[in-house]
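Contents: one structure, followed by commentary.
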Amino acid sequence: MKKLLLLPGDGVGPEVMREAKRLIDWFVRRRGLAFEIEEDLVGGAAIDARGMPLSDSTIALARAADAVLFGAVGGPKWADIGFDRRPEIAILGLRQSLGLFANLRPAAVYDPLVSASPLRPEIVRGLDIMIVRESTGGIYFGEPRGIETLPDGQKRGVNTEIYSTSEIERVGRVAFELARRRRGAVASVEKSNVMESGLLWRQTVTALRDREYPDVALTHVLADNCAMQLVREPRQFDVIVTANLFGDLLSDLASQLTGSLGMLPSATLGELQPDGKRHALYEPIHGSAPDIAGRGIANPLAQILSFAMLLRYSLDMESEAALVERAVESVLAKGLRTADIMSSGAARVGTSVMGESILRELEKIEAAAA
Ligand code: IPM
Ligand code: MG
């Protein structure tokens, strides 16, 4: 029996989570998977109900779960709340309190959507990049930080980029392990030409590769050059491993190579524990999209693909994960599109029809295999 915690959040979060729940039900009914499922409020929904975006009780539920499936948080209603109580604290707080240091952000182009990319098809066809972004360290959390007043009356804002060897090694290991399951290549991204933390990053990743992963190809790419290469020739990359802030920027960039943000899932993994478990949270890369919330038109595929990642990385169910991904691919190949990925000649559908079509496709694949 696996414990799942569902945190739909705000905006389109609950709408796309509904489709993921139907998918989970399908696996329970048709594949005999056994889940104990809890659900809780986070983000703006939790601010409205309890006055804070993330409660200790929610953190406790997340800690007890085998995996957390997260929707999205935030919206204009909570835009004026103080910096430390805003809805986004829910996601930053979960990353920090569960020690979710490795944020996996795939950017893959599905063949039927190749023309959705702003880049030419010949540059992105078959694109399949995995960005591993460090997510509990670096400049997001480094001390000293703050806004101080100087003797002359002007102010100074301070943030600090800090990485220790163990922080670099553990995220490096995640990247090398992933590369072994993929095309065997890691690009380590930093600014070792100007930053000491970047130089240590490069040295540490190099030593780790030489010691534990001699079979994986390692290249070093400066972060600015990486941004350029991602647009110029993105298919040169397999796995990219990088610090928190660079990963934040580069993963947004990479998401746009696909032209379909509504399609992209992500996973954030914690330390491998002695019992073989690791804390993990899965969420779509897209936000709460308040502009389209409540209209039944959001694309549920990123949430559905996040559940596929959950099957793969937390439950070790590779074939089930691949089954979901196959269903997504064939529904797209049939020409079904939500508004965000609509193209001429395709059939426009809403959130629940898209979710239903995935279930129907799963049924078909099962029937064909029987
Ligand atoms: C992301 C987001 C977050 C981040 C924000 C909402 C705190 O941009 O997940 O990429 O910067 O990590
Ligand atoms: Mg971001």
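All ligand and atom numbering here is 1-based and tracks the order in the structure. The basis for the numbers below is simple: all heavy atoms, side chains too, and nothing from hydrogens, waters or symmetry mates.
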Look at atom 3 (C) of ligand 1 and say which protein heavy atom is nearest, naming residue and atom and giving the distance to 0.1 Å.
Arg95 NH1, 4.3 Å
Result for side-chain contact (heavy atoms from CB on, under 4.5 Å) between Tyr110 and one of Leu301, Leu127, Thr258, Leu332 points to Leu332
Taking only Lys NZ, Arg NE, NH1 and NH2, and the carboxylate oxygens of Asp or Glu, determine whether Glu271 and Arg170 approach each other closer than 4.0 Å.
yes
Identify whether the distance between the nearest side-chain nitrogen and carboxylate oxygen of Arg211 and Glu169 falls below 4.0 Å.
yes
Indicate if the distance from the Mg ion (ligand 2) to the nearest N, O or S atom of Asp252 falls below 2.8 Å.
no
May I have the step-by-step check of salt bridge (Lys or Arg N to Asp or Glu O under 4.0 Å) for Arg295 and Glu15, ending in yes or no?
CA-CA 9 Å; Arg295 292 168 52 196; Glu15 295 169 52; over 6 Å; no
Can you confirm whether Met17 sits close enough to Gln303 that some side-chain heavy atom of one is under 4.5 Å from a side-chain heavy atom of the other?
yes
Do Val174 and Leu98 sit in the same hydrophobic cluster, where Ile, Leu, Val, Met, Phe, Trp and Tyr count as joined when their side-chain heavy atoms come under 4.5 Å apart?
no
May I ask whether Arg86 has any heavy atom positioned less than 4.0 angstrom from an atom of ligand 1?
no
With a cut-off of 4.0 Å, which atoms of ligand 1 are near a heavy atom of Arg105?
1 (C), 9 (O), 10 (O)
Please report whether atom 1 (C) of ligand 1 has a protein non-hydrogen atom at a separation of less than 4.0 Å.
yes
With nothing but distance in play, are any N or O atoms of Glu88 less than 3.5 Å from an N or O of ligand 1?
no
Should the proximity of Glu283 to ligand 1, defined as any heavy atom under 4.0 Å, be assigned to the side chain, the backbone, both, or neither?
neither
Of Phe246, Trp201, Phe101, the one forming a ring pair (Phe, Tyr, Trp, His ring centres under 6.0 Å) with Tyr163 is Trp201
Shortest-distance N, O or S atom of Asp248 relative to the Mg ion (ligand 2)
OD1
Please indicate whether any nitrogen or oxygen in Asp248 is less than 3.5 Å from any nitrogen or oxygen in ligand 1.
yes
Give me the residue, atom name and distance of the protein heavy atom closest to atom 11 (O) of ligand 1.
Tyr140 OH, 2.5 Å
